[in-house]
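To start, the structure under review is shown below, and the notes come after it.
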Amino acid sequence: MPSAALVTPSLETFLESIEAVKASDADDVDYSIQHLVSLLKRRQIRNSRSCAIATAHLLSLVVSKHQVTDIARLIKRVQEVGQKLTDAQPKELAVGNIVRRVLGVIRDEAEEDREGEESIHDEAEGESPLSPKEVEVSSIEQQARSAPSLTSRPLQHGAISSEDLSTSNERLPNTKDDTSSQNRALNLSPPLFAAGTSQPLLKSMFSLLSHPVSSSSTPTVTPGTQTPEDPPSHSIHALVGGSAARDLRAEVVEAIEEIIEELNTADDQIAGYALDHVHSNEIILTYTASVTVQKFLLKAAAKRKFTVIHAESYPNEHESVHATVTGSLKGNSSGTGPDRFHRSLTTAGITVILIPDSAVFALMSRVNKVILGTHAVLANGSLVAAAGSRSIAKAASMHKTPVVVLSAVYKLSPIYPFSNDALIEYGDTSKMFSNEDADLIEKVEVDNPLYDYVPSELIDLYITNL
Amino acid sequence: MAPNAARSTKAKQKLQDESREESLQAIVLADVFETRFKPFTFERPRCLLPLANTPLIEYTLDFLASAGVRDVFICCGQHADQVEEYINNSRWKLSSSPFQTLLLLKSPATSVGDVMRDLDGRDLITRDFLLVSGDVVSNIALESILDKHRARREMDKNAIMTMVLREFGLEHRIKSKRRKPIFVIDPKTERCLHYEEIGPKSVSSRYVGMDAKLLKEHGELEIRGDLVDCFIDICTPDVLGLWSDNFDYRTLRRSFLHGVLKDHELNGKTIYAAIASDQYAARVRDLKAYDVVSRNILGRCTYPLCPDSNLVSGQNYRFQEGNIYKEDGLSIARTSIVKQKVVLGRRTSIKDRSLIVNSTIGRSCQIGSDVHVSGSYIWDNVQIGDGTKIHRAVVASGARIGKNCSICPGTLISFGVYLADGTNVSGVHHIKPMRGKYQENNAQDEASQIDETTDAALQLSSSDDDSTASSLLGTSPSRPNSQSLTELSMSQFSESDSDFEPLPETSRRSSLRSDLSWESAPNRDFLVEATADILDALQNGVSPENISLELVSLRMKEDASQHQVRHAVVTAFMRRVSNLMGEDGQSGLSPNEAVTEVFTKNKEVIKRTLFDQSREAKDDQVDLLMLIQKDAAGRSRGESLLVFIAKELYDLELVEEDGIMQWWEDDRSKSGEMKKVRVLTEPLIDFLQNAEEESDDESEEDGDE
């Protein structure tokens, strides 16, 4: 008699199913979309990174299975899918971020395609002048280019609002005239504000994010040196027809693969800056079992000796914090891809002190630096981070202790925090009381917010992977 | 081509095998054959009743989907067409459904046992399966539990079932106050050794009777009453076979679990219990559980199964601080207050100065001004007039409540009920339309009528036609013309009392009543039902074994005493006899023939109601004869019937001499009517007495020799 097993759906099973659909001829894209939607709704895929990876894989599938050659239709399709995903879990901001990036990639590719046509539609372009916003973006970009050794800058990412996702649908009928200007808006590179960014990396990231309008005649992606004030070259080949679009699709898929690669390496890239920020004999306070932070500290631990104070993050993450501290965390249960994080800090010879969350303020006076992970970074630089982060940041600012936030680029979101309700998710309240006290919930209001809103004033430095 | 085809089928086979290996089947019992949700279940199956504005079955199916189940069979009983329609239009039937197969099985079953036996016959279940009832709300991760189950099965083929039980504090509200399940578990092996349900009322049922052997065999035993049974069972296909083998099993726990554990010696089957102490699992068993689970959902204990997860397509609830969930298209007056665990469905409007606390309000509801709603469940399309106060009540879809009404705790207002302005519903009431089904389109036409026929009374209108529709009924128990209503609610009083916890003063009054109905109502039901069943069986020539099995299960279900069983048997047998004799006593068989016909063939049935053969006092036999005598007294030719039956029983060795003599001497059989009917039996007694003396003599003689 065959025995039955149960595979609880997760990121792994989702990626497997994506691979299966990709390999098969069947057009099962809708199934995959609904699959991800339901996984997001049931919170079986959670965390910024898992969501980002799942979204990127799904969009890559959507693009590669897209039958119609028309670029406008492709963009529309991706927008629709993106809308579905963000509706499914509006509080996972990483989903929307990835969708925006993919849209940007597609538009970039489309730009190259359209060059030939643009000579025909020359006058048409005149009819759609750049909006002030876009002009502003261009100028920012200019600044970015002129100052390659970027130092901390405020987030400009917010300039691209979520309307890229939603309202541009209406603009689609006349995309031909219009996308070139939109392109420019999307060519904006993500904000770079970590100190000490190395030059070569910067270059490669530019080529990744803002495929420039190449003046070369080849349709392939060749990172070139383009400045926004360059007028689009109108002279070259018109690449029209199915073959071009297919090429374009393949290129978009390739670009999405690059995004996925970036997602997978982001933590290591951030960890690369560890030695610049963690010094010998420092006392560092951290919170939650963020893999990014752990990798960062581990990297520093290879060369330096310091002390880590770990607040336990009760009640939502204390178990994984305990596991992290004791080194019993196996891979990562939420499946964050190829994770080589097994070693605990203690095995690296670091003194780790586990404290309850309530002791943070008392110990803050002795802490040299607070390093936090985050769920998302909003347009104004504020964080949506694990519940409790705010009080830690506040305590740090009382003691003038620097607060460093580690956040990969995919966590930077153009959303502006108008209302907390829209951003902060509330979790399982039964974690707050024991079984014996279950009756309490009748008499007492119990809330278990998963996230905190941390205003940007409380944060001193952001470190990203660029 | 041929080899190619062969290969492809082989590949397919392999693929199937793999998927077989991987997926668990699930059976959802959409109908659990209980009547705890009357009067709502008259119109709508339980699994489609809205819980926090989402039909119950969605929670169950989501639980299965999140556990990774691929094949689901939904067994429908009552209102199967509605369930079918709902499922066919739901997201589970779309190509994007996480279920590979989703089958609806309809059967004319009248118990869970019938469903299981039906399933066994259908050969659908080929591997381990998950058996859940269609009202489970849970977010338990089954993976580890299943792994354990499989490990046990590898070791021992007889480990047929693992139950998932959720640990709650002793007095948790979610538990049934009526029957408390008691599990006896060996904590080392997690094996469940004994199961029993104890009632809260009678002292006699406060004991759990265990086999003494269990104490010897197991070094450690846990007797637990703090577990909530959520009816999530991981079963092997053998379980279905067991149901088929024991065709008198009717319920999952009281007959199946109890029976299998009891027969462990015979069949060697073992059942295990997985006790979960975190995550959520509960069954919406009755209205009380409905209340508690609703609050838990709104209080986010069931996360992620919360309204703002919008699991059902078409929902778009947003969470607001204070556990308020709002869908779009709401119009809420600025002066109204909405606080503490409230769900508001789409297009609902709330007018000035209304207060909504701790309540669920469905879609397209219209709530007037100065309305107070607290702790209540208001389903879709309900209209509530200005100034009405509703406290801890359930108002089903399409109901209309007039202005300045006041509805007290525990009231259940069914589909499409109209309450006239100023109606006061005090005490616990179940209000439903008088007859016919609620039809939405007709409801509109009658709306105008209500205002005209306002009275201080309650208006119950059916929507069939206008003349019968507006039958006016008073609900205050003192009014005589409220018969049908009070009759309806009488039988349900007990339920609603324990289920819904009314205000203290009302509860005292009605709990008295509920005590009464507790004792008598189910037993009367038993008598009627059992008699009808036996009579049916006799007429259809069902074998006596089956009759007694049927009887046993019915007795278990209704918790009837042996006396009642005998009563039912006697009544049925006597009726059958007089049927055989014909209406006028002439056309049919003679009494002798009829009695022989009925009693000889079915002596097993009677035999199984008597347990005193070995004892001195023949109480059971006396009881049986007394019942026969009583029955015979009311029949024509009862005297001859009695004598033939007595003789027959004696000949069949069902009743011993001692039994007959004790009956004869009993005071009860000597009085009045009873005396008359036994006149003809006297010779038999004399004969018996003589025979006894003779045999005594003989034995004495034997002794002498």
Side-chain angles (χ1 to χ4, degrees), chain A residues 1-10 13 17 26-44 46 84 87-91 316 319 419-422 424-442 444-450, chain B residues 17 20-25 62 65-69 91 94-98 126-130 139 141-143 146-147 150 153-154 167-174 236-237 277-280 295-296 299-306 308-311 316 318-323 340-341:
Chain A
M1 200 181 305
S3 64
L6 206 58
V7 183
T8 309
S10 63
T13 58
S17 87
D27 192 24
D28 261 352
V29 182
D30 281 326
Y31 169 76
S32 296
I33 296 168
Q34 286 306 323
H35 189 179
L36 182 56
V37 164
S38 58
L39 285 173
L40 286 172
K41 280 186 173 179
R42 284 200 294 266
R43 311 294 198 269
Q44 281 173 325
R46 51 187 319 150
K84 272 185 199 161
D87 283 350
Q89 187 46 277
K91 281 157 192 169
N316 291 313
E319 277 156 358
S419 106
N420 278 6
D421 282 341
I424 297 198
E425 192 176 355
Y426 283 72
D428 188 351
T429 47
S430 59
K431 287 183 176 169
M432 313 277 289
F433 45 84
S434 68
N435 289 328
E436 285 71 32
D437 298 334
D439 281 337
L440 262 186
I441 199 168
E442 177 91 321
V444 184
E445 289 264 317
V446 185
D447 275 343
N448 178 16
L450 298 181
Chain B
D17 281 349
R20 262 184 156 193
E21 282 287 314
E22 280 185 8
S23 81
L24 192 72
Q25 290 176 313
D62 249 308
S66 55
V69 171
R91 65 200 157 116
L94 300 175
S95 61
S96 59
S97 157
T126 49
R127 49 201 133 115
D128 285 9
F129 64 96
L130 200 62
N139 58 5
L142 285 176
E143 228 166 8
L146 190 76
D147 285 347
R150 284 169 71 204
R153 242 175 65 72
E154 299 278 302
E167 200 174 37
F168 278 107
L170 266 178
E171 294 304 323
H172 193 255
R173 296 167 305 145
I174 207 159
T236 62
S277 56
D278 53 355
Q279 294 174 312
Y280 192 82
R295 275 150 208 268
N296 288 347
R300 303 187 79 80
C301 289
T302 57
Y303 177 86
L305 297 175
C306 297
D308 64 328
S309 295
N310 296 316
L311 291 164
N316 60 350
R318 303 261 161 196
F319 175 84
Q320 269 185 16
E321 226 164 300
N323 291 335
Q340 273 179 44
K341 291 183 198 153

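- Contact of the B:Arg91 side chain with the A:Val37 side chain is not registered, since no non-hydrogen atoms from C-beta on lie closer than 4.5 Å.
- If you tally non-hydrogen atom pairs under 4.5 Å between each of A:Gly427, A:Ser430, A:Ser419 and chain B, the highest count goes to A:Gly427.
- Put simply, the side chain of A:Glu445 never gets that close to the backbone of B:Gln340: no donor and acceptor are under 3.5 Å apart.
- A distance of 14.0 Å separates SG of B:Cys306 from NZ of A:Lys41, quoted to the nearest 0.5 Å.
- Within the 4.5 Å cutoff, side-chain heavy atoms of A:Asp447 are placed close to those of B:Asn323.
- Only the side chain of A:Leu450 comes within contact range of chain B, judged by heavy atoms closer than 4.5 Å.
- Closest non-hydrogen pair, B:Ser66 versus A:Pro9, comes out as O-CD, 3.3 Å.
- The side-chain heavy atoms of B:Tyr303 and A:Lys431, taken from C-beta on, include no pair separated by under 4.5 Å.
- Contacts of A:Pro90 with chain B are made by side-chain atoms alone, with heavy-atom separations under 4.5 Å and no backbone atom involved.
- Counting heavy-atom pairs under 4.5 Å between each of A:Arg43, A:His35, A:Gln34, A:Glu425 and chain B puts A:Arg43 at the top.
- Using a 4.5 Å cut-off between heavy atoms, B:Asn316 makes no contact with chain A at all.
- At a threshold of 4.5 Å between non-hydrogen side-chain atoms, the residues A:Asn448 and B:Arg300 do not count as touching.
- Residue B:Ala141 does not touch chain A at all, counting heavy-atom pairs closer than 4.5 Å.
- Only the backbone of B:Ser97 comes within less than 4.5 Å of a heavy atom of chain A; no side-chain atom from C-beta onward does.
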